[in-house]
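These notes are about the structure you will find just below.
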Amino acid sequence: MCPQLSPCHPGGAPHVVAARPEQGWNLLCDGTIHFDDTGELHPDGSVVPPHRPPTADLTPAA
């Protein structure tokens with residue numbers, strides 16, 4: 001992880017150290033990249049797939 005990043009607070013939740021809302025992601029102090037679609041990429045390479053709630057059927061009625 002980059003040494004310039006601010007460390008996480010002991011015992012606290014990870015906080016955003018770099019926000020890129022125009023690209024849809026935030027970098028957290030623990031090195032996790034959190035995506036707006038609720039997915040995550042962890043520093044060890046593990047992935048949390050998006051876990052969006054099901055959407056209503058948006059097809060128009062005939």
Side-chain angles (χ1 to χ4, degrees):
M1 191 162 69
C2 182
Q4 290 95 353
L5 294 179
S6 62
C8 292
H9 303 291
H15 60 276
V16 174
V17 295
R20 297 294 180 264
E22 70 281 1
Q23 296 178 350
W25 59 271
N26 293 310
L27 175 63
L28 305 181
C29 62
D30 64 359
T32 297
I33 298 173
H34 183 267
F35 297 96
D36 288 350
D37 68 359
T38 69
E40 293 182 352
L41 177 60
H42 296 270
D44 65 2
S46 62
V47 174
V48 175
H51 46 279
R52 291 173 262 169
T55 58
D57 183 11
L58 300 178
T59 55

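Only a predicted model underlies this, so the values are computations on that prediction, with no experimental measurement involved.
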Stepwise side-chain contact (heavy atoms from CB on, under 4.5 Å) check, V16 with L28: CA-CA 4 Å; V16 174; L28 305 181; 3.8 Å; yes
Donor-acceptor list for residues 44-51 side chains, cut-off 3.5 Å, not counting sequence neighbours:
| from | atom 1 | to | atom 2 | distance (Å) |
| --- | --- | --- | --- | --- |
| D44 | OD1 | S46 | N | 2.8 |
| D44 | OD1 | S46 | OG | 2.7 |
| H51 | ND1 | T38 | O | 3.4 |
| H51 | ND1 | P49 | O | 3.4 |

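W25 and D36 make their closest contact through N-OD1, 4.3 Å (heavy atoms, listed as atom of the first residue, atom of the second, distance). Considering all non-hydrogen atoms of both residues, C29 and P14 come closest at SG-CA, 3.6 Å. Scanning both residues, C8 and D30, for their nearest heavy atoms gives SG-N, 3.3 Å.
In this structure, the separation between CD1 on I33 and CD on Q23 is 10.5 Å, given to the nearest 0.5 Å. Between the CG atom in L41 and the NE2 atom in H34 there is a gap of 12.0 Å [rounded to 0.5 Å].
In this structure, the ring pair (Phe, Tyr, Trp, His ring centres under 6.0 Å) partners of H9, at least two apart in sequence or on a different chain, are H15.
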